[in-house]
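Residue indices begin at 1 and follow the sequence shown. None of these values were measured; they are calculated from a predicted model.
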Amino acid sequence: MTTPFPFTAVVGQDDLRLALLLNAVSPAVGGVLVRGEKGTAKSTAVRALSALLPEVDVVSGCRFSCDPASPDPGCPDGPHESGASGPRPARMVELPVGASEDRLVGALDIERALAEGVKAFEPGLLADAHRGILYVDEVNLLHDHLVDLLLDAAAMGASYVEREGVSVRHAARFLLVGTMNPEEGELRPQLLDRFGLTVEVAASREPDQRVEVVRRRLAYDDDPAGFAARWADEEAAVRQRIVAARELLPTVRLGDGALRQIAATCAAFEVDGMRADIVMARTATALAAWAGRTDVLAEDVRQAALLALPHRRRRNPFDAPGLDEDKLDETLEEFSGNGDGNGEGDDDPDPGPDGPGGGGGQPAPDEGPQGGDTGAQPEAGEGGEPQATGASEQSPARACEPFRAKVLSVPGIGEGAAGRRSRARTEHGRTTGARRPQGALTKLHLAATVQAAAPHQRARGRSGPGLVVRRDDLRQATREGREGNLVLFVVDASGSMAARQRMSAVKGAVLSLLLDAYQRRDKVGLVTFRGSAADVALPPTSSVDAAAARLESLPTGGRTPLAAGLLRAHEVLRVERLRDPARRPLVVVVTDGRATGGPEPVALAGRAARLFAAEGVASVVVDCESGPVRLGLAGQLAGELGGAAVTLDGLRADSIAGLVREVQGDRRAA
């Protein structure tokens with residue numbers, strides 16, 4: 001078995017370590033979501049936490065880790081009589097992004113259930129994680145059907161497996177920990193709210209701290225067991241501190257003053273629902289216990305807000321997560337109180353060893369910038385002061401407010417990743433037929449199975465009421481649902497689009513389509529063309545907020561190399577088709593249809609467009625032409641592409657609804 005990297009040997013990342021330790025002290029806090037760039041020890045710290053958790057008592061032989069003090073009355077391995085039990089280490093179970101539904105919740109033996117009426121159940125990862133940690137690396141890439149199952153289990157504290165009237169239920173209470181790189185896309189709001197705390201991590205920009213990271217990692221790789229032994233005393237000290245904090249937790253007093261500060265803070269930041277208030281209260285209590293105190297102080301409330309609120313105040317995926325600390329301090333000061341055991345933070349007694357942000361009980365490392373200095377600079381030509389290109393250029397126009405966009409979809413039926421845009425054959429959705437199973441049976445088509453088994457009952461010697469079912473009789477249900485697509489935006493940023501009011505409307509329209517792509521679980525890409533060339537402003541990604549950021553900083557000006565833009569988009573699709581052949585593309589060209597530069601630019605653009613039509617690529621042209629004189633070039637381009645053309649106003653879902661109502665009214669009048 002591989003020796004894990006010691007938790008106390010992680011350099012820096014104080015917020016990450018604190019959030020994990022608070023959940024170890026009080027699992028009711030609700031888990032941790034760790035957001036950050038790659039290579040910042042997110043997974044290392046999470047995997048190291050399990051070695052610090054106290055052991056749990058379980059009923060001997062129970063596959064569902066029932067507590068002998070209060071066994072689950074509905075446990076599939078029950079009923080449990082008072083008898084043998086013993087401790088075992090707390091488990092950390094990893095949920096792979098590509099796991100199947102059966103691997104997560106478990107599977108029933110359908111053949112035995114039909115023929116013998118026996119609930120033969122093989123537990124899944126939710127059963128393994130009961131009373132432990134369920135860890136999802138790259139949680140933002142988890143398929144929607146798995147997210148739905150996680151939400152159900154997290155809400156009910158139990159997992160249900162139901163197949164054609166046969167059901168099994170077992171307890172599933174676990175600490176949910178997820179890590180993600182925001183560049184690859186955001187989480188669904190429902191799952192995001194299920195994480196009690198969130199932390200942003202970034203690599204230190206302090207050379208000394210980076211040197212220490214490399215030194216420790218090399219030492220661990222050379223001799224994992226020896227490196228872990230050198231940190232054994234620090235690990236034992238933190239383990240003992242967790243146990244002491246758990247014992248102290250029930251005695252911690254959360255006074256009315258602290259509760260008022262919590263409520264006022266959640267109200268001031270306009271978070272939805274009451275879960276934020278509850279999580280803040282539990283976090284502040286855990287902070288006090290971790291510091292060895294029995295009273296919650298103002299500093300505990302402040303730290304709890306910084307951990308529990310940033311991911312709950314986002315209204316859409318384009319809002320940057322975070323909290324205005326000046327506003328937070330003003331709110332806490334306004335609602336500070338005395339005489340209730342929650343005095344001012346500056347007058348509080350010593351909060352205990354390492355304080356509430358003690359970083360896991362290890363010696364405090366040299367302070368360095370953690371997460372505050374990203375070091376990111378705008379790319380050339382993308383900032384507010386665009387680089388000189390020799391062509392007329394304007395600074396970026398701000399996008400107008402996004403709106404609810406008309407649904408654009410790819411015709412036909414695909415087999416891509418689950419999503420919400422185009423029709424596809426999927427594991428979830430309405431049943432459309434049956435087939436012989438290829439591999440493990442996941443969705444039984446009962447009528448087709450009975451129909452296949454019925455003609456053979458006499459030959460199989462059936463003598464009782466039960467149906468004699470064999471493996472060859474089983475039929476898999478075929479289902480039709482929705483898939484996510486690759487939506488590739490090809491945006492004209494040339495001088496013909498440079499009128500600020502017009503470009504603002506164009507950016508608002510694209511932003512609306514990006515928001516729609518986020519909601520429908522699409523991948524998105526962005527190609528822009530201006531001057532003399534086309535650029536891939538954003539390679540295909542699941543991060544629509546990254547696309548929005550690139551769009552916001554997009555300058556305009558210069559000629560209109562429409563053909564270059566289309567050819568670059570065609571190359572992007574060719575490469576992406578090799579990476580993900582099942583994901584069907586939808587090309588959205590945002591232009592007025594004009595083309596300049598080189599000989600016969602319009603004809604050249606037409607030939608480039610016909611490449612898409614020849615390959616059957618679905619496309620839509622958003623016609624941005626305005627003014628009293630219209631050339632209709634965007635409509636011609638749509639014809640060459642083999643797609644549809646829609647105006648900026650036609651993209652609005654409400655305008656389509658209004659048109660339908662108008663047509664219905666005319667029919668009634670007639």
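Not counting sequence neighbours, the partners of A276 by the side-chain contact (heavy atoms from CB on, under 4.5 Å) test are C266, V271, L309, R312. By the ring-ring contact (aromatic ring centres under 6.0 Å, His included) test, F5 is found to be paired with Y220, F227, residues two or more places apart in sequence or in another chain being considered. For the side-chain contact (heavy atoms from CB on, under 4.5 Å) test, residues two or more places apart in sequence or in another chain that qualify with L249 are S26, T285, A289. Remark: E138 engages no residue in a side-chain hydrogen bond (donor to acceptor under 3.5 Å, both in side chains) (not counting sequence neighbours). Applying the side-chain hydrogen bond (donor to acceptor under 3.5 Å, both in side chains) criterion to D473, with sequence neighbours excluded, gives R460. For R217, the side-chain hydrogen bond (donor to acceptor under 3.5 Å, both in side chains) criterion is met by D221, not counting sequence neighbours. The side-chain hydrogen bond (donor to acceptor under 3.5 Å, both in side chains) search around D223 returns none, not counting sequence neighbours. When the ring-ring contact (aromatic ring centres under 6.0 Å, His included) test is applied to H80, no partner is found at least two apart in sequence or on another chain.
Within the structure, no pair that satisfies the salt bridge (Lys or Arg N to Asp or Glu O under 4.0 Å) test touches residues 432-441, not counting sequence neighbours. A salt bridge (Lys or Arg N to Asp or Glu O under 4.0 Å) check over residues 81-91, counting only residues at least two apart or in different chains, returns nothing. The salt bridge (Lys or Arg N to Asp or Glu O under 4.0 Å) analysis of residues 62-76, with sequence neighbours excluded, yields the pairs R63-D77, D67-R131, D72-R169.
Side-chain contact annotation: T8 with E235, donor-acceptor N/O pair under 3.5 Å present. Donor-acceptor pairing under 3.5 Å is recorded for the side chains of S43 and Y135.
Closest heavy-atom contact between W290 and R241: O-NH2, 2.9 Å. The two residues L16 and K42 come nearest to each other via the heavy atoms CD2-CA, 4.3 Å.
Here F64 and H170 bring their ring centres to under 6.0 angstrom of each other.
Of the candidates V279, L22, T198, L307 forms a side-chain contact (heavy atoms from CB on, under 4.5 Å) with just one, namely L22.
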Distance-only check: which donor-acceptor pairs under 3.5 Å involve side-chain atoms of residues 48-58, not counting sequence neighbours?
from, atom 1, to, atom 2, distance (Å)
S50, OG, R47, O, 3.2

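Open room surrounds CD on Q451; 12 or fewer heavy atoms of other groups in view lie less than 6.0 Å from it.
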